[in-house]
**Student:** 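This is the structure I want to talk about, given as structure tokens.
FYI, side chains are in, hydrogens and waters are out, and symmetry mates aren't considered; it's all heavy atoms of this structure. Order of listing sets the numbers, starting from 1, for every ligand and every atom in it.
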Amino acid sequence: MTTNKQHTKYIFITGGVVSSLGKGIIAASLGALLEKRGLKVALSKADPYINVDPGTMSPFQHGEVFVTDDGAETDLDMGHYERFTRANFTRKNSFSSGQIYDEVLSKERKGDYLGATVQVVPHITEQIKSKIFQASQDVDVSIIEIGGTVGDIESLPYLETIRQMRYELGPQNVLCIHLTLVPYIAAVKELKTKPTQHSVKELRSIGIQPDILVCRAEREIPLEIREKIALFCNVPKGHVFEACDLASIYEMPLILHKQGLDQKAVEFLNIWTRKPELHDWKEIVERLQKPKDRVKIAIVGKYTGVVDSYKSVEEALIHGGIKNNLAVEISYIDAETLKSSNLNELLAPYGGVIVPGGFGERGVEGKLLAIQYVRENKIPFLGICLGLQLACIEFARNILHLENANSLEFSKSSPYEIITIMSSQKEVINKGGTMRLGAYHCRIQPGTKAFAAYSQENISERHRHRYEFNNQFRDSFEANGMVFSGISPDEQLIEILELKDHPWFIACQFHPELKSKPIDPHPLFSELVSAAYQQKNLNGTI
Ligand code: GLN
């Protein structure tokens with residue numbers, strides 16, 4: 001078993017009262033602050049559900065699936081961890097109860113526990129520890145966010161593991177931060193502390209005394225209320241922090257730093273560090289708060305009713321805005337509502353359009369109409385994954401006049417199978433974890449718009465798809481104005497394409513949004529935002 005490296009310190013983040021309080025943002029912000037103090041930090045997410053990973057869950061259920069370089073399909077909080085820090089994490093940083101049980105059961109079948117009755121304590125808890133240690137190799141501080149809410153049946157084994165780790169490694173090596181809600185009751189004009197008290201009581205009944213409380217609230221929590229919370233929850237007075245609603249999540253590291261959260265964390269863990277250098281976070285917040293202008297971008301998708309379905313795309317657009325000093329106003333358009341008759345009315349207000357990734361046929365015809373509209377009206381466009389595949393189908397149908405051209409995903413009998421399946425995918429039976437996943441290299445053609453964006457020939461980007469462009473159609477596409485500006489090193493797979501006769505029409509088979517950070521915005525998003533802004537200025541409609 002992998003064991004704890006003595007110098008690694010652990011910070012556990014749990015949540016209470018209700019879900020969706022933003023544990024991921026708190027974990028990511030603390031990670032950012034500790035990194036800026038010169039510490040090497042890992043961030044991991046432990047999810048209490050039974051799915052082995054979220055790869056097979058619908059975005060309607062679970063929001064976006066975030067893919068790491070090594071091809072793990074993970075929780076969208078991993079996206080926050082990567083965006084807030086310099087790190088790129090791996091499959092070791094994301095695990096679920098399903099995965100833990102799967103591993104324990106296969107050990108049991110192998111006979112590893114021969115003679116023993118396999119139980120939640122100690123076998124499941126030991127496996128959780130081993131996962132935590134694996135995710136914490138060679139780092140100074142390992143931050144682990146526990147999914148779900150304290151009080152859920154599912155999260156009990158994780159909480160028991162925290163209790164044991166604290167017991168085994170000592171409190172100076174294990175810090176427990178609990179995020180709770182302090183609701184404002186308008187009728188009595190009061191902030192209420194009782195839910196926090198109950199949530200901490202629940203934690204303490206499992207043997208965990210939180211060291212620090214972060215209280216989510218609509219409005220500032222006065223000192224006397226924070227002191228009351230401290231007294232009732234048995235934490236020192238200065239250990240109750242507030243996390244009020246913010247205009248941007250990227251303000252959170254500075255807000256927490258101002259209250260001294262990172263200082264308290266290092267003091268508690270007995271780590272000596274320099275003060276954090278937060279110059280670039282200040283610059284990011286400054287640009288977000290005082291943009292020189294604004295630009296409107298539409299995302300034409302299928303999962304538009306679910307807030308987190310396109311989380312990374314949304315964040316990458318904000319980063320593109322930061323780079324250009326522009327506020328990006330993002331609107332979602334449900335592809336199923338698009339018709340030839342309302343296209344102009346619905347899409348004309350936007351400087352740029354994105355067709356993001358997706359699965360299944362619903363909304364495809366609407367997305368094709370949107371792509372035709374932006375192609376013909378010279379509106380800047382970025383197609384991502386399914387967006388590239390549909391840009392190819394639209395081109396085949398409307399430029400090459402290949403009637404009923406389609407993707408094998410949507411039609412088994414199309415006369416022109418523009419998007420097809422790779423031979424390696426033909427044998428796949430299990431749906432989980434079997435797509436083309438993770439980082440692949442791509443070579444960019446000099447002299448193209450893609451090259452102008454990246455300014456380099458060799459790039460690596462993350463994938464999550466089963467289907468690919470059908471090479472039989474390469475020549476006819478190229479002869480009619482399509483440029484394949486990014487190709488896999490073995491020249492077999494189309495990775496980026498663009499239109500010659502268009503101000504900015506680019507589509508990529510990978511997901512560029514997964515690698516964008518506010519500190520290092522992804523070039524395709526920066527260029528889309530810039531092109532969208534220029535285009536609107538040209539049209540004089542901004
Ligand atoms: N459904 C398409 C495929 O599997 C596209 C996937 C995506 O957009 N992520 O190839």
**Student:** Between L386 and ligand 1, does any nitrogen or oxygen pair lie at a separation below 3.5 Å?
**Tutor:** yes
**Student:** Side chain or backbone, does H465 bring an N or O within less than 3.5 Å of an N or O on ligand 1?
**Tutor:** no
**Student:** Can you find an N or O of G358 that's nearer than 3.5 Å to an N or O of ligand 1?
**Tutor:** yes
**Student:** Could you identify the single nearest non-hydrogen protein atom to atom 9 (N) of ligand 1 and state the distance to 0.1 Å?
**Tutor:** R464 O, 2.8 Å
**Student:** Ring centres under 6.0 Å, that's the criterion: do Y454 and H522 meet it?
**Tutor:** yes
**Student:** What part of E468, side chain from CB on, backbone N/CA/C/O, both or neither, has a heavy atom under 4.0 Å from ligand 1?
**Tutor:** neither
**Student:** With under 30° as parallel and over 60° as perpendicular, where do the rings of F469 and F477 fit, or are they tilted in between?
**Tutor:** perpendicular
**Student:** Working note: E64 + S312, criterion side-chain hydrogen bond (donor to acceptor under 3.5 Å, both in side chains); need CA distance, chi angles, decisive distance, verdict.
**Tutor:** CA-CA 8 Å; E64 161 190 280; S312 293; 2.6 Å; yes
**Student:** Which atoms of ligand 1 are found less than 4.0 Å from any heavy atom of G357?
**Tutor:** 8 (O)
**Student:** Are the side chains of F484 and I496 in contact, using a 4.5 Å heavy-atom criterion?
**Tutor:** no
**Student:** Could you go step by step and tell me if E403 and Y416 meet the side-chain hydrogen bond (donor to acceptor under 3.5 Å, both in side chains) rule?
**Tutor:** CA-CA 8 Å; E403 214 176 307; Y416 307 105; over 6 Å; no
**Student:** Would you say NZ of K296 has more than 12 non-hydrogen atoms from neighbouring residues, nucleotides or ligands within 6.0 angstrom?
**Tutor:** no
**Student:** Identify, for atom 4 (O) of ligand 1, the protein heavy atom at the shortest distance, and state residue, atom and that distance.
**Tutor:** R466 N, 3.0 Å
**Student:** Where is the nearest protein heavy atom to atom 10 (O) of ligand 1: which residue, which atom, and how far?
**Tutor:** Y467 N, 2.8 Å
**Student:** Please verify whether a non-hydrogen atom of H511 lies at under 4.0 Å from ligand 1.
**Tutor:** yes
**Student:** Give a yes/no on ligand 1: does M435 have at least one heavy atom closer than 4.0 angstrom to it?
**Tutor:** no
**Student:** Side-chain contact test, heavy atoms from C-beta onward, threshold under 4.5 Å: evaluate it for L524 versus L528 and give yes or no.
**Tutor:** no
**Student:** For K449, does the NZ atom have more than 12 heavy-atom neighbours from other residues, nucleotides or ligands under 6.0 Å away?
**Tutor:** yes
**Student:** Which atoms of ligand 1 sit under 4.0 Å from any heavy atom of E409?
**Tutor:** 1 (N), 2 (C), 3 (C)
**Student:** Suppose I only count heavy atoms of C385 and a 4.0 Å limit; which atoms of ligand 1 are within that range?
**Tutor:** 5 (C), 6 (C), 7 (C), 8 (O), 9 (N)
